[in-house]
> 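Here it is: the structure, laid out below.
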Amino acid sequence: MAWTWRFEKSDGTEVPPAVEPEEFTTQGDAESWIGEAWKELLAGGADQVHLFEDSTKIYGPMSLHADQADAPGEAEPEAEAKADAASADEAADQA
């Protein structure tokens, strides 16, 4: 499985990324990369991104603008909270 990003203007038009991403083998690796590269991507003309696992869209559009509620720096804790909740549910099921 490969995790990839789609880069867009705010109107949904696809744009080439200012920083060329690799194909990521995990969602966490893809999200870590966007957390590090989002400022350069924004400066290069991308306003929002979508995350895909192979050809399946996982989420998006996610704004790269820091002043919006779904900016990358604010989206990661939510994803971590969901992962923590899933781990807790899994542990409860095994108990």
> Table please: side-chain donor-acceptor pairs of residues 40-51 below 3.5 Å, with sequence neighbours left out.
residue	atom	partner	partner atom	Å
Asp47	OD1	His65	NE2	2.9
Asp47	OD2	Ser10	N	3.0
Gln48	NE2	Glu8	OE1	2.7
Gln48	NE2	Lys9	O	3.4
His50	NE2	Glu8	OE1	2.8
His50	NE2	Glu8	OE2	3.2

> Just to verify, what does Glu23 make a side-chain hydrogen bond (donor to acceptor under 3.5 Å, both in side chains) with, not counting sequence neighbours?
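So Glu23 forms no side-chain hydrogen bond (donor to acceptor under 3.5 Å, both in side chains) with any residue.
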> Taking only residues two or more places apart in sequence or in another chain, which ones pass side-chain contact (heavy atoms from CB on, under 4.5 Å) with Glu22?
Phe24
> For Gln27 and Glu53: C-alpha separation, side-chain torsions, deciding distance, then whether side-chain contact (heavy atoms from CB on, under 4.5 Å) applies.
CA-CA 8 Å; Gln27 182 174 354; Glu53 180 182 15; over 6 Å; no
> Just how far is it from atom NZ of Lys57 to atom CZ of Phe52, taken to the nearest 0.5 Å?
6.0 Å
> With the 4.5 Å side-chain cut-off for hydrophobic clustering, are Trp33 and Val15 part of the same group?
yes
> More than 12 non-hydrogen atoms from neighbouring residues, nucleotides or ligands closer than 6.0 Å to NZ on Lys39, yes or no?
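At most 12 heavy atoms, drawn from other residues, nucleotides or ligands, come within 6.0 Å of this atom.
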> Check whether any side-chain N or O of Trp5 sits under 3.5 Å from a backbone N or O of Ala30 as a donor-acceptor pair, and report yes or no.
yes
> Under the side-chain hydrogen bond (donor to acceptor under 3.5 Å, both in side chains) criterion, do Thr26 and Asp29 qualify, and how do the steps go?
CA-CA 5 Å; Thr26 68; Asp29 288 345; 3.2 Å; yes
> State, without any angle test, whether Asp11 and Thr13 hold a side-chain donor-acceptor pair at a distance under 3.5 Å.
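Looking only at side-chain atoms, Thr13 and Asp11 do form a donor-acceptor pair, the distance falling under 3.5 Å.
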